[in-house]
Asks: 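To start, I am sharing the structure in question, which I have written as structure tokens.
Note that ligands are numbered from 1 as they come in the structure, with each ligand's atoms numbered from 1 the same way. Just so we're clear, the structure is a prediction, and the values are computed from it rather than from any experiment.
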Amino acid sequence: MAAPIRLGVNVDHVATLRQARRSAYPDPVEAARLAERGGAQGITVHLREDRRHIQDHDVERLRASVRTKLNLEMAATAEMCAKALAVRPDDVCIVPERREELTTEGGLDVVAQRAALREIVEPLRRAGIRVSLFVDPDPRQMGAAAELRVDAVELHTGGYAEARDPYRLDAELARLRACARQADEAGLQVNAGHGLRLDNVRPVAAVREIVELNIGHSIVGRAVFVGLEAAVREMRAALDQARRQS
Ligand code: PXP
């Protein structure tokens, strides 16, 4: 049997719900604590340039409270590099970012952006932060990532997650397997994530070279349904208690 796969839980969308009201709850720091209690081996957040969900103070509070490890997803910009050097997450995952996108849409083009990425990767690694690059399962990207001497790649599983017909699904899985092997042979740690759910995660989790999966949206979405009944019961009990005491 292969070594157990590690689970990083992305709590961005707890902050999405909070930001919808600009309220203090639900708090992603509290969500991270529960995720760790549930077995997460890492907490992931994406500090976007537009701050649409996670805020700077969330990252600082998470740094102080996360007991497993903190993985900061960020764009390859000087602002984000300075932020990471100040907060010192355990890991940084560099992702491409476009303001108008709903979520990270594709992997980094490491081949085309080699020089710019080096400017960000080197100071982070010198500071002892492990650096990962979020890339599509494309052999050219594995080669370029290895040349940049990063610690890890995170394979973008969005193409697999969105595949509708079985042929496409098999082809996407084959791409993930081949790139996982290539990256592992090049000495890179192999992580993966995006769009993974309870009903599609197993074939990816079975790829032996993959060390860690980062999963967010489906876990936060599922938590609404796993927890909604209990939340209504709590409110119902509070209303009834208030009436009994009035
Ligand atoms: N990994 C990376 C690099 C991401 O950008 C995201 C989305 O923020 C995830 C993993 C998690 O994706 P999802 O929320 O679809 O599980």
Asks: Pull out every atom of ligand 1 sitting under 4.0 Å from any heavy atom of Asn214, numbered as shown with elements.
Replies: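 With Asn214 as reference, the close atoms of ligand 1 come out as 10 (C), 11 (C).
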Asks: More than 12 heavy atoms of other residues, nucleotides or ligands under 6.0 Å from CZ of Arg197: yes or no?
Replies: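 Correct, the count exceeds 12.
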Asks: Can you name the salt bridge (charged side-chain N to carboxylate O under 4.0 Å, His left out) partners of Asp151, sequence neighbours left out?
Replies: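 Asp151: salt bridge (charged side-chain N to carboxylate O under 4.0 Å, His left out) contacts with Arg125.
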Asks: For ligand 1, which atoms sit closer than 4.0 Å to a heavy atom of Asn10?
Replies: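 It comes down to these atoms of ligand 1: 8 (O).
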Asks: Are the charged groups of Glu79 and Arg51 less than 4.0 angstrom apart, N to O?
Replies: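 Salt bridge: yes.
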Asks: Answer side chain, backbone, both or neither: which part of His13 comes under 4.0 Å from ligand 1, heavy atoms only.
Replies: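 For His13, there is no contact with ligand 1 at all, from either part.
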Asks: For ligand 1, find out whether one of its N or O atoms is nearer than 3.5 Å to an N or O atom of Gly193.
Replies: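 No, since none of the N or O atoms of Gly193 sits under 3.5 Å from an N or O of ligand 1.
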Asks: Quick one: does Ser218 get within less than 4.0 Å of ligand 1, heavy atoms only?
Replies: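 No.
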Asks: Could you list which atoms of ligand 1 come closer than 4.0 Å to a heavy atom of Gly195?
Replies: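 Per the distance check, 12 (O), 13 (P), 15 (O), 16 (O).
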Asks: List every atom of ligand 1 that sits less than 4.0 Å from any heavy atom of His217, numbering the atoms from 1 in the order shown and giving each element.
Replies: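 That gives atoms 13 (P), 14 (O), 16 (O) of ligand 1.
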Asks: For the residue pair Ser132 and Glu154, confirm or rule out a side-chain donor-acceptor distance under 3.5 Å.
Replies: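 On atom types as modelled, these side chains do not qualify, holding no pair under 3.5 Å.
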Asks: Report the residue from Asp12, Asn10, Asn71 that forms a side-chain hydrogen bond (donor to acceptor under 3.5 Å, both in side chains) with Thr44.
Replies: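 That would be Asn71.
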Asks: Going by the closest heavy atom to atom 12 (O) of ligand 1, which one wins out of His53, His194, His156, His46?
Replies: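 The option holding the nearest heavy atom is His194.
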Asks: If you count the atoms of ligand 1 from 1 in the order shown, which ones are under 4.0 Å from a heavy atom of Ile215?
Replies: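 It comes down to these atoms of ligand 1: 16 (O).
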Asks: Determine yes or no for a side-chain-to-main-chain donor-acceptor pair under 3.5 angstrom, with Asp138 supplying the side chain and Asp109 the backbone.
Replies: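 Checked: no pair found.
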Asks: Heavy atoms only, cut-off 4.0 Å: how does Glu154 contact ligand 1, side chain, backbone, both, or neither?
Replies: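 Near ligand 1, Glu154 shows its side chain, while the N, CA, C and O stay back.
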Asks: Under 4.0 Å from a heavy atom of Val95: which atoms of ligand 1 are those, numbered in the order shown and with their elements?
Replies: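 With Val95 as reference, the close atoms of ligand 1 come out as 3 (C).
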Asks: Can you list the ligand 1 atoms lying under 4.0 Å from a non-hydrogen atom of Gly216?
Replies: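 Atoms satisfying the 4.0 Å criterion: 13 (P), 14 (O), 16 (O).
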Asks: Mark yes when over 12 heavy atoms from residues, nucleotides or ligands other than Arg114 sit less than 6.0 Å from its CZ; otherwise mark no.
Replies: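 Result for CZ/Arg114: enclosed.
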Asks: Let me have the donor-acceptor pairs involving side chains of residues 59-67, under 3.5 Å, with sequence neighbours excluded, atom names and distances please.
Replies:
residue : atom : partner : partner atom : Å
Glu60   : OE2  : Lys83   : NZ           : 3.3
Arg61   : NH1  : Asp27   : OD1          : 3.4
Arg61   : NH1  : Asp58   : OD1          : 3.4
Arg61   : NH2  : Asp27   : OD1          : 3.2
Arg61   : NH2  : Asp27   : OD2          : 2.5
Arg63   : NH1  : Arg88   : O            : 2.8
Arg63   : NH1  : Asp90   : OD2          : 3.3
Arg63   : NH2  : Asp90   : OD2          : 3.2
Ser65   : OG   : Arg61   : O            : 3.1

